[in-house]
Trainee: 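For reference, the structure I am asking about is given below.
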Amino acid sequence: SSDVCSSDLPTLRAIGFGDSLRLLRWRLATRKNDLDKRRDEVQHSIHQLLSSQGFSKKTERYLRLLFTGITLDPELSDHASFAHFTWSAMSHGSMVLLKDGIQSIPQQLRERLNHTTIHFNEPILRIEATTLFTQSQPFIADMVILATPQHISQSFVQGTPVRGSTRTTKMFCFLSNAAPYTLPALMLSSTWQKNQGSILHVNIPTLLHPRSDGKQMICATVIGEDTKHCNQHSVQSELVEWFGDEAKQWDFLRMTEVADALPSSQQEKLALNPSKDVYVVGDHCIHGSVQGTLESVERCLEAVGIPLPR
């Protein structure tokens, strides 16, 4: 489709010599071993960063779509340091698509918990010192570590009301006997946010990790306000515009909705240790990525004197 562009890193032929030099300059400004070196600098938004680089309108549009998909924020209001981190990771590192999905990470952690009791369906009402109060009983602990979403942690630590969800995303998955394209790439919609469709991007994870039945899984992602009015039928109709009548034959597999999928860097970051024996970890403590989550946990372990697992 002429309305779709691949998210492979831009080539010289695609974006021209001038923008290629600008992207190279950005790459050279990052260092492989110091992905977060700009975190403490004066913060501008990603929107301001992209506007100030002198890119052509076409390349800037491409980058705005790319970072909208990464941050789930159409306004690109997050700090520019996160864009620097992401661009550095893409420039110097490898992208990883987990075979069993992101759920394989907590599953692996759970399998290693040999002496731990996990209480399900016990919503915490409030925290006093190191006592957690639920509807059924209080839990008294030596230490409390809050590993909850940004707005939940803020409600416990600062006493602010829990607000409605933001940065919501929906992923609609369909099954097909054949893939509509064979390049393992993310496809960005060049008409998104122009009242011409709700799908931001499409990817086919089975091109990297095949299903046992040989079918291809096509995943379409919708974010923000568009999630309120889209459904499997409207999304599949839109996919027909992308890939032609073959998309009409695809079987709907499932829809996954995630509210508060990512934190906002505009919110004031919570302290690691806001009160005695209470610690806060999560992606919102560093930046909205798995890397940010792991860094916040490492910081917490160092603070309480627990050696990092090797």
Side-chain angles (χ1 to χ4, degrees), residues 1-17 19-20 22-24 26-27 50 55-72 83 86-102 104 169-194 196-223 235-256 289-290:
S1 168
S2 60
D3 291 334
V4 180
C5 56
S6 167
S7 74
D8 278 351
L9 292 182
T11 63
L12 176 61
R13 180 179 178 183
I15 66 174
F17 186 73
D19 281 350
S20 295
R22 293 180 183 93
L23 290 174
L24 176 61
W26 192 4
R27 183 186 190 278
L50 297 179
F55 292 118
S56 66
K57 290 184 178 180
K58 179 180 178 181
T59 300
E60 184 176 335
R61 169 75 177 162
Y62 166 89
L63 291 171
R64 287 186 182 280
L65 288 170
L66 177 63
F67 281 103
T68 295
I70 292 171
T71 64
L72 306 181
T86 307
W87 190 253
S88 177
M90 290 191 294
S91 298
H92 300 290
S94 300
M95 299 290 102
V96 176
L97 185 64
L98 298 172
K99 182 177 181 180
D100 297 321
I102 194 67
S104 61
T169 179
K170 287 183 177 179
M171 179 179 288
F172 294 83
C173 299
F174 300 84
L175 289 180
S176 170
N177 291 325
Y181 60 88
T182 58
L183 183 69
L186 188 73
M187 305 299 287
L188 300 170
S189 171
S190 62
T191 60
W192 183 80
Q193 219 179 23
K194 294 182 179 180
Q196 298 181 38
S198 59
I199 297 175
L200 174 60
H201 57 69
V202 171
N203 74 96
I204 308 176
T206 44
L207 290 176
L208 293 177
H209 300 301
R211 287 170 55 96
S212 59
D213 60 6
K215 289 185 177 294
Q216 299 291 342
M217 185 167 67
I218 299 96
C219 301
T221 297
V222 179
I223 72 167
V235 168
Q236 189 160 14
S237 295
E238 197 171 327
L239 289 172
V240 172
E241 298 177 11
W242 284 51
F243 302 111
D245 288 343
E246 65 175 290
K248 295 179 180 179
Q249 309 304 318
W250 296 347
D251 296 321
F252 178 68
L253 179 62
R254 64 175 176 269
M255 185 278 288
T256 302
S289 68
V290 175

Trainee: Is there a side-chain contact between Lys99 and Ser104 in this structure, where contact means two heavy atoms from C-beta onward sitting under 4.5 Å apart?
Mentor: no

Trainee: For Glu60, enumerate each residue passing the salt bridge (charged side-chain N to carboxylate O under 4.0 Å, His left out) test, keeping only those at least two apart in sequence or located in another chain.
Mentor: Arg64

Trainee: Apply side-chain contact (heavy atoms from CB on, under 4.5 Å) to residues Leu23 and Leu63 and explain how you reach the verdict.
Mentor: CA-CA 11 Å; Leu23 290 174; Leu63 291 171; 4.2 Å; yes

Trainee: How close do Ile204 and Pro180 get, heavy atom to heavy atom, and via which atoms?
Mentor: CD1-CD, 3.5 Å

Trainee: Taking Thr206's backbone N and O only, do any of them form a donor-acceptor pair with Arg211's side chain (distance below 3.5 Å, no angle check)?
Mentor: no

Trainee: Working to the nearest 0.5 Å, report the span between CH2 of Trp192 and CD1 of Ile223.
Mentor: 4.0 Å

Trainee: Search all heavy atoms of Met217 against all heavy atoms of Arg254 and return the closest pair with its distance.
Mentor: SD-NH2, 4.2 Å

Trainee: Who passes ring pair (Phe, Tyr, Trp, His ring centres under 6.0 Å) against Phe55, sequence neighbours left out?
Mentor: none

Trainee: Under 30°, 30 to 60°, or over 60°: which ring-plane class applies to Phe67 and Trp87, parallel, tilted or perpendicular?
Mentor: tilted

Trainee: How far apart are the closest heavy atoms of Trp242 and Leu200, and which atoms are they?
Mentor: CH2-O, 4.5 Å

Trainee: Quick one: do Leu66 and Met90 satisfy side-chain contact (heavy atoms from CB on, under 4.5 Å)? Show the steps, please.
Mentor: CA-CA 12 Å; Leu66 177 63; Met90 290 191 294; 4.1 Å; yes

Trainee: How close do Ala220 and Leu239 get, counting heavy atoms only, and between which atoms?
Mentor: CB-CD2, 4.3 Å

Trainee: Under 4.5 Å between any side-chain heavy atoms of Phe172 and Ile199, yes or no?
Mentor: no

Trainee: Could Asp213 and Lys215 be called an ion pair, given the rule that one side-chain N must be under 4.0 Å from one carboxylate O?
Mentor: no

Trainee: When you look at Val235 and Phe174, which way does the side-chain contact (heavy atoms from CB on, under 4.5 Å) test go after all the steps?
Mentor: CA-CA 10 Å; Val235 168; Phe174 300 84; 4.0 Å; yes

Trainee: Going from CE on Met187 to CG on Asn203, what distance comes out if it is rounded to the nearest 0.5 angstrom?
Mentor: 11.0 Å

Trainee: Could you state the interatomic distance from CD1 (Ile218) to OH (Tyr181), rounded to the nearest 0.5 Å?
Mentor: 8.5 Å

Trainee: So, taking the atom named CD1 in Ile70 and the one named NE2 in His201, what distance separates them when rounded to the nearest 0.5 Å?
Mentor: 9.0 Å

Trainee: Does either side chain, that of Gln216 or that of Ser176, offer a donor lying less than 3.5 Å from an acceptor on the other one?
Mentor: no

Trainee: Determine yes or no for a side-chain-to-main-chain donor-acceptor pair under 3.5 angstrom, with Gln236 supplying the side chain and Trp250 the backbone.
Mentor: yes

Trainee: Flag the pair Ile102 / Val290 as yes when at least one side-chain heavy-atom distance between them is below 4.5 Å, and no otherwise.
Mentor: yes

Trainee: Would a 4.5 Å heavy-atom cut-off, applied to side chains only, mark Asp245 and Val240 as touching?
Mentor: yes

